[in-house]
Protein chains: 2
Amino acid sequence: MDELSELFKVLGDKNRLRIINLLKQRSLCVCEITEILKLAPSTVSRHLSILKHVGIIKDKKDKKWVVYSLNVCYDNVLITVLMPLVLSQLKDDEQAESDLRKLAGIDLNFVCKSKDASEIDSIKNEVTPKVSI
Amino acid sequence: MDELSELFKVLGDKNRLRIINLLKQRSLCVCEITEILKLAPSTVSRHLSILKHVGIIKDKKDKKWVVYSLNVCYDNVLITVLMPLVLSQLKDDEQAESDLRKLAGIDLNFVCKSKDASEIDSIKNEVTPKVSI
DNA sequence: ATTTCATTTCGATAAATATAAAAATGATTA
DNA sequence: TAATCATTTTTATATTTATCGAAATGAAAT
């Protein structure tokens with residue numbers, strides 16, 4: 001019951017749902033999410049650690065950046081069933097779509113100051129794993 | 001997104017999950033739930049109104065009591081998918097089972113002072129609608 | 001080595017939520 | 001009609017959670 005209510009609590013925050021929605025598109029560093037959500041970097045970092053703690057997302061270090069992404073498979077049955085449901089609900093959502101548009105138009109040279117041209121290029125060409133609903 | 005996060009927020013409270021678990025067994029008045037959860041009646045009433053607001057439960061007036069029960073079908077797609085999942089997760093949960101034992105052993109003459117013998121009898125013989133998971 | 005950048009942790013504050021006590025409501029019973 | 005009971009609403013308080021700014025960390029670039 002604790003596990004159940006904890007997971008629902010984690011999902012019961014709009015900014016965390018916005019992050020999940022963004023990570024559905026592609027993996028992101030903290031700078032990028034901060035830029036779109038217009039929150040303090042420390043706040044975004046906190047949300048990310050909460051999402052990571054319950055196993056919804058994972059991170060990996062890449063040069064200066066910590067790159068976050070959705071987990072593709074979960075060791076938890078509940079999340080495994082819940083996530084496709086959450087992702088499907090984020091379709092056709094106004095806020096979710098607006099965030100994705102903002103993500104598409106983001107200026108990586110400005111948002112992540114130290115990213116060089118080749119890095120930016122590989123991000124733009126990143127293949128998004130399509131999650132089937 | 002607001003609807004989604006609101007629903008998760010509602011489900012992200014242990015006492016509300018406990019109430020859902022109890023109502024899975026049979027319909028209940030506020031006194032009974034109060035007795036099992038050991039919360040103030042006003043607090044229980046508040047939780048019930050929150051659950052009712054999102055459409056998870058419904059109420060009906062019966063003499064002095066307001067009898068709450070789980071909705072069997074929902075006008076909301078999300079809840080329709082979510083509820084069976086929640087109910088299945090409440091199986092084999094320690095707290096959930098302990099609450100059900102407490103419910104089985106409850107002394108209705110004491111908890112609901114003004115209930116007469118025939119009322120108590122019909123409650124004990126109430127047929128629980130089995131929800132298929 | 002020192003500076004710069006990305007991120008996290010810490011500390012403080014603000015906002016939201018859960019809770020209970022008291023008062024109000026409404027209905028039943030004596 | 002007055003008293004009792006079940007419930008809800010209101011008000012106040014306690015707790016939790018979200019947020020930010022500042023400081024700390026750590027790694028890369030100069």
Side-chain angles (χ1 to χ4, degrees), chain A residues 2 5-19 27-35 37-54 57-68 106 108-120 123, chain B residues 2 5-19 27-35 37-54 57-68 106 108-120 123:
Chain A
D2 298 87
S5 63
E6 195 207 340
L7 181 57
F8 282 136
K9 232 173 241 169
V10 169
L11 292 171
D13 181 283
K14 207 148 52 143
N15 286 329
R16 285 194 284 268
L17 292 181
R18 291 176 70 189
I19 291 174
S27 56
L28 296 164
C29 63
V30 183
C31 329
E32 294 175 290
I33 299 171
T34 300
E35 172 66 20
L37 264 59
K38 298 289 182 200
L39 292 172
S42 59
T43 304
V44 172
S45 177
R46 175 127 194 73
H47 282 308
L48 288 166
S49 92
I50 290 169
L51 287 168
K52 185 186 165 190
H53 180 254
V54 296
I57 64 174
K58 61 175 190 281
D59 63 355
K60 96 169 181 263
K61 198 86 209 278
D62 180 25
K63 295 193 180 161
K64 279 190 182 175
W65 300 275
V66 179
V67 180
Y68 285 92
I106 217 168
L108 290 170
N109 290 298
F110 178 75
V111 171
C112 315
K113 287 171 191 145
S114 65
K115 281 211 166 81
D116 68 25
S118 77
E119 279 161 354
I120 292 176
I123 287 171
Chain B
D2 298 87
S5 64
E6 195 207 339
L7 182 57
F8 282 136
K9 234 174 242 169
V10 169
L11 292 171
D13 181 283
K14 207 149 52 146
N15 286 328
R16 284 194 284 270
L17 292 180
R18 290 176 71 188
I19 291 174
S27 57
L28 296 164
C29 64
V30 182
C31 328
E32 295 175 289
I33 299 171
T34 300
E35 173 65 21
L37 264 57
K38 298 290 183 199
L39 292 172
S42 59
T43 305
V44 172
S45 178
R46 175 126 196 73
H47 281 308
L48 288 166
S49 92
I50 290 168
L51 287 167
K52 186 185 164 190
H53 180 255
V54 295
I57 64 175
K58 61 177 190 278
D59 63 355
K60 97 169 180 263
K61 197 86 209 275
D62 179 26
K63 297 196 180 156
K64 279 189 182 175
W65 301 274
V66 179
V67 180
Y68 285 91
I106 216 167
L108 290 170
N109 290 297
F110 178 75
V111 172
C112 315
K113 287 171 190 143
S114 64
K115 281 209 166 82
D116 66 26
S118 77
E119 278 161 353
I120 292 177
I123 287 172

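A, B, ... follow the sequence lines: proteins, then strands. Residue 1 opens every chain.
Mapping A/K61 and A/I50 onto DNA chain D by nearest heavy atom places A/I50 at the nucleotide closer to the 5' end.
Summarising the geometry, the separation between OH on A/Y68 and C1' on C/dT7 is reported as 8 Å, rounded to the nearest angstrom. Between the NZ atom of B/K63 and the C1' atom of C/dG26 there is a distance of 17 Å, rounded to whole Å. Summarising the geometry, the separation between CG on B/L39 and P on D/dT15 is reported as 15 Å, rounded to the nearest angstrom. The CD1 atom of B/I57 sits 13 Å away from the P atom of D/dT7 (whole-angstrom rounding). If you measure from atom NZ of A/K64 to atom P of D/dA29, you get 6 Å, rounded to the nearest angstrom. When the P atom of D/dT7 is taken as reference, atom CG of B/L37 falls 14 Å away, rounded to whole Å. As a whole-Å value, the separation of B/W65 CH2 from D/dT8 C1' is 17 Å. At whole-Å resolution of the value, CG in B/L28 and C1' in D/dA6 are 15 Å apart.
In this structure, of D/dT19, C/dT8, C/dT4, it is C/dT8 that holds the atom nearest to the side chain of A/V30. Here the side chain of A/C31 is nearest to one of C/dT28, D/dA28, C/dT7, namely C/dT7. Across D/dT19, D/dA6, C/dA20, the shortest atom-to-atom separation from the side chain of B/C112 is found for D/dA6.
Of the inter-residue distances, the one linking A/L48 atom CG with A/I57 atom CD1 reads 4.5 Å to the nearest 0.5 angstrom. Distance OH/B/Y68 to OG/B/S27: 12.5 Å, rounded to 0.5 Å. With values rounded to the nearest 0.5 angstrom, B/L11 atom CG is found 10.5 Å from B/E6 atom CD. Between atom CD1 of residue A/I50 and atom CD1 of residue A/I19 there is a gap of 9.0 Å, rounded to the nearest 0.5 Å.
Here the side chains of B/F8 and A/R16 are not in contact, with every heavy-atom distance at 4.5 Å or above. For the pair A/K64/A/K61, no side-chain contact is recorded, criterion being any heavy-atom separation below 4.5 Å from C-beta on. The closest side-chain heavy-atom distance from B/R18 to B/I33 is not below 4.5 Å.
Contact check of residues 7-18 of chain B against DNA chain C (heavy atom, cut-off under 4.0 Å) returns B/K9, B/D13, B/N15, B/R16.
OP1 or OP2 of C/dT19 lies within a sub-4.0 Å distance of a side-chain N or O belonging to B/H47. Note on A/S45: a side-chain N or O is less than 4.0 Å away from OP1 or OP2 of C/dT8.
A donor-acceptor contact under 3.5 Å is formed by the side chain of B/S42 with the base of C/dA20.
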